[in-house]
Structure formats: structure tokens, C-alpha cells
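One structure is given below, encoded as C-alpha cells.
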There are 2 protein chains.
Amino acid sequence: MKHVNEIDTEAAIKAAAKKVFMKKGLAGARLQEIADEAGIGRTALHYYFRSKEKLFQEVWRDVFKEMLERSVIIENAEVTVVEKMQLFADHYFDKALSEPELDIFMLNEFNNNPEIMNEILQSGSPIMLMINDIKKAVECGELKGEPQQIFITMISICVFSFAGKAMMQNMLKIDDETYIKLMKARKAYVIDFLKTAFKP
Amino acid sequence: MKHVNEIDTEAAIKAAAKKVFMKKGLAGARLQEIADEAGIGRTALHYYFRSKEKLFQEVWRDVFKEMLERSVIIENAEVTVVEKMQLFADHYFDKALSEPELDIFMLNEFNNNPEIMNEILQSGSPIMLMINDIKKAVECGELKGEPQQIFITMISICVFSFAGKAMMQNMLKIDDETYIKLMKARKAYVIDFLKTAFKP
DNA sequence: ATTGCTTTTAACTATTTGGTTCGACATAAT
DNA sequence: ATTATGTCGAACCAAATAGTTAAAAGCAAT
């Protein structure tokens with residue numbers, strides 16, 4: 001029978017690993033640092049997750065799922081495209097505000113190591129649906145511009161706000177707290193911006 | 001006296017290093033891979049640039065300079081703010097199109113290892129000048145929105161287009177060539193978008 | 001308490017990787 | 001041609017780090 005604290009330890013390790021991986025990336029992270037962060041011996045890591053690779057996979061799976069949950073695209077036909085976009089941004093900012101480091105980590109590992117994507121899952125379709133919605137709206141004269149470009153613009157405004165954290169903090173010379181405040185204000189700004197930015 | 005091929009080899013190493021560092025990041029890059037890429041023995045790297053750290057510094061310096069050149073902010077009082085923003089985007093897209101991987105690399109290393117910034121230089125001011133210009137324009141009723149937010153939006157639209165390359169390629173299921181085409185189209189789109197997006 | 005399982009630690013091994021030394025060869029200066 | 005200096009690779013070294021093994025410690029059922 002399993003001892004009671006296994007779940008705790010395992011969760012603690014994953015949390016610690018997530019933290020370190022997010023800060024240093026896969027290649028930069030050290031198992032020792034993860035172990036220290038989790039308050040256990042380094043070999044216990046191997047006991048729970050045979051290898052660094054395996055541990056990373058676990059963390060990545062979770063992070064990726066979080067990212068998907070963060071990028072909810074409403075399928076409801078009752079709301080207008082602009083409202084869909086606003087809902088997207090609203091939800092995205094809420095989630096991202098609670099874990100601003102996730103965006104750059106995703107982008108990063110995505111880039112360094114594109115193949116990790118394939119193993120996990122194919123998300124695909126909702127994006128195309130939204131682009132299609134935008135397309136229809138453009139044809140109706142409700143929006144202006146090339147649908148793909150509109151979509152990219154929306155994503156940029158949301159994702160870069162967090163992926164560019166370090167860069168922006170340096171440019172604007174602001175600390176973590178001020179940054180969070182700025183992003184809270186940005187949420188409202190973006191939702192309002194989306195309302196008018198693509199109007200013909 | 002220096003033998004003739006020193007310059008070539010040195011340049012070849014730097015080019016190779018840049019390539020590998022951009023793909024794998026500082027921590028992920030291997031000297032062997034850089035040497036192979038440059039077509040020389042691994043020890044020659046040490047001959048030219050004593051250590052990995054030193055080599056990275058050199059590459060980073062160049063890359064950073066490129067990034068600054070890419071982000072030119074016009075100081076001319078003769079042109080309107082919107083025109084300044086358009087000029088910024090125009091120039092940025094031109095430069096970025098010739099080396100799309102640079103953006104994510106910058107963001108990345110910036111994030112993993114914020115201290116590398118401090119050593120190089122303090123760029124600072126032109127950004128504040130532009131934000132000030134935007135502020136004035138907002139006060140005149142020429143633009144609408146919080147100046148910092150407008151600035152961040154502009155940066156997002158430009159930088160994320162390239163920093164999010166891997167992510168976008170995966171989302172839209174497109175190859176490198178198609179991506180470049182999309183970004184060429186995006187340049188025109190963004191310049192046009194900036195003209196109207198912040199209008200009151 | 002004994003037994004049997006689970007968890008954790010300590011000690012060890014293997015591998016990867018950055019860095020050094022030294023000699024061979026090339027090129028330039030005399 | 002000889003000498004001096006620059007270029008570069010083979011072999012080696014040392015440190016860091018991932019991974020293994022085996023034994024100790026902890027917990028729960030009997």
C-alpha cells in the first residue's frame with residue numbers, strides 16, 4: 001500500500017520542476033535545483049520520475065493543458081465575432097495574470113524543440129473556426145482586414161503582453177508588482193481596443 | 001603577422017555560434033555543434049574565443065545591436081505620431097523578415113538570464129520619447145487610449161509576429177516559406193492597421 | 001514484534017561537456 | 001633556407017550532472 005505522503009511529494013516535485021523549468025528552460029534546469037526547491041534529495045526525483053526527460057514531459061503536458069485552457073475560443077453562434085474576441089482576451093488575461101511566466105516558456109520550448117509538440121496532441125480546429133468566423137464578419141462588412149491577420153493581431157496583443165514580460169520590464173524600468181498592475185489595466189484596455197480596432 | 005584566414009575563421013565561428021545559440025539557447029548549445037557548423041575542430045573555438053561564455057558574449061553583443069537597429073524610433077518632429085509608428089513597423093518588419101529567429105532568441109535569453117542585459121548598455125530613452133509623443137497626441141485628441149498601452153500594443157503586433165513563429169506555424173500548419181509570405185503580407189497589413197487602430 | 005511493502009538517502013558510476021596542453025603544420029618575415 | 005609566429009587538431013583533463021544500486025528508514029498490516 002502506498003504511503004500517505006507520496007501524492008504530496010510527487011506534487012511537490014512537479015511544482016518545483018515547473019518553477020525551475022519555467023525559469024531556466026529544459027536545457028538550463030538542473031535536477032539538483034529542482035530537488036532543492038522541492039526540499040528532497042536529488043535521487044528521489046529519479047524514484048518518482050525516472051529521468052529528467054520524463055519529468056519534463058510530465059510538466060510540459062500540464063503546462064500545455066493550461067495553455068489550452070487559457071486560450072478558450074467560444075463556439076457559440078449567438079455572440080458576435082467581436083464579442084468572441086473580447087471573451088477570448090478576457091479569459092486569457094485572467095489566466096495569464098495568475099502565471100505570467102508561462103507564455104514565454106511555451107514560446108521558448110516550442111522554438112528550441114519543436115518536436116515535443118507532436119507527441120502531445122493536435123489541438124488545431126477551434127482556431128480555424130474562429131478565423132472562419134472572422135472571415136464571415138469581414139464579408140458582411142462587420143470587420144475590416146485579412147482574417148488571418150486579424151487573428152494574429154489579437155493573439156499578439158494577448159500573448160506578447162506576457163511573453164515579453166522581461167523585455168517590457170527592462171524597457172519601462174518597472175518591477176514585478178508594477179508590471180502586474182500594468183497588465184491588469186491592460187486587460188481592460190485590450191477588451192476595449194478589440195471593440196473598435198478592426199471596425200471598417 | 002596574422003595569417004589571412006583568421007578573419008574568415010573567426011567570422012565563420014561567430015556565424016555558426018549565432019545560428020546554434022539562436023536555435024538552442026545559451027544553455028542548450030554545444031560547442032561541438034558550433035564547431036561542426038563552422039567546419040573546424042572544437043578546440044579552435046577555444047583558440048579564438050577562450051570560453052563558451054566569451055563566445056556567447058560576442059554573439060549576444062551583435063544580436064543586441066541588431067535588435068536596436070531593428071527598433072528605430074524616429075525623432076523627427078515633422079512627422080505625426082502615427083507616421084512614426086508606421087515607420088517603426090515598416091523598418092522592423094524589413095529587418096525581422098531577413099532574420100525571423102532573432103526575436104524569440106532575444107526574448108528568451110532575456111528571460112532566462114536577465115542579468116546579461118545590464119552589462120551591455122542602457123538603451124532606454126527613445127522609448128520614453130515615443131511614449132511621450134503618444135501622450136501628447138492623446139491629449140490633442142489625435143489618438144485614443146493610455147499611452148503606455150498604445151505603445152505596448154504596437155510593439156506586440158511587431159515583435160510577436162516573429163517571436164511567435166514556431167507557435168503560429170504550428171497553429172496554422174504552415175511551413176517556413178508560407179510563413180515568410182504571411183509576414184510579408186502582414187507588414188502591409190500592420191502599417192495600414194496602425195493608421196486607424198488608435199483613432200478616437 | 002515481525003513481516004512486507006514503500007519511500008528516502010548515501011555512495012557510486014557513466015557520460016557529457018567545457019577547457020587545457022602540446023605538437024604538427026602553415027605562413028610570413030628575415 | 002631559416003626562423004618566428006599564427007593556426008589548428010589530437011589527446012588529455014577536470015568538473016558538472018544525469019542515472020544506478022543497494023541499503024537504511026518509515027509505515028502499515030498481521
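Reminder, nothing fancy here: chain letters follow the sequence lines and each chain counts from 1.
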Could you list the donor-acceptor pairs under 3.5 angstrom formed between side-chain atoms of residues 191-200 of chain B and any protein atom two or more places apart in sequence or on another chain?
{"unit_1": "D192(B)", "atom_1": "OD1", "unit_2": "K195(B)", "atom_2": "NZ", "d": "3.3"}

* Asked: Rounded to the nearest Å, what distance is computed from the CG atom of residue L55(A) to the P atom of nucleotide dT17(D)?
  -> 16 Å
* Round to a whole Å and report the spacing from CZ of F49(A) to P of dT20(D). => 16 Å
* Per-nucleotide protein contact string for nucleotides 13-24 of chain C (B base, S sugar-phosphate only, - none; heavy atom under 4.0 Å) -> ----SBBB----
* To do: Return the value, rounded to whole Å, for the distance between atom OH of Y47(A) and atom P of dA22(D).
  => 17 Å
* Is T9(A) near enough to dT8(C) that one of its side-chain N or O atoms lies under 4.0 angstrom from OP1 or OP2? -> yes
* To do: For E10(B) and dG6(D), give me the distance from atom CD to atom C1', rounded to whole Å.
  => 13 Å
* Taking NZ, NE, NH1 and NH2 as the nitrogens, is one of them in D103(A) or K165(A) under 4.0 Å from a carboxylate oxygen of the other? -> no
* So, do F93(B) and F162(B) have ring centers that fall under 6.0 Å from each other? -> yes
* Using the benzene-type ring in the case of Trp, are the ring centres of F56(A) and F21(A) under 6.0 Å apart? -> yes
Solution key, residues 135-146 of chain A side-chain donor-acceptor pairs under 3.5 Å, sequence neighbours excluded:
{"unit_1": "E146(A)", "atom_1": "OE1", "unit_2": "Q148(A)", "atom_2": "N", "d": "3.4"}

* **Value in whole Å for how far the P atom of dT7(C) lies from CD1 of I40(A)** => 13 Å
* NA contact type, A44(A), heavy-atom cut-off 4.0 Å: base, sugar-phosphate, or nothing? -> base
* Lys/Arg-Asp/Glu bridge criterion (N-O < 4.0 Å) met for E66(A), K18(A) -> yes
* Starting at atom CD1 of I13(A), determine the distance to atom C1' of dT7(C), rounded to an integer number of angstrom. => 11 Å
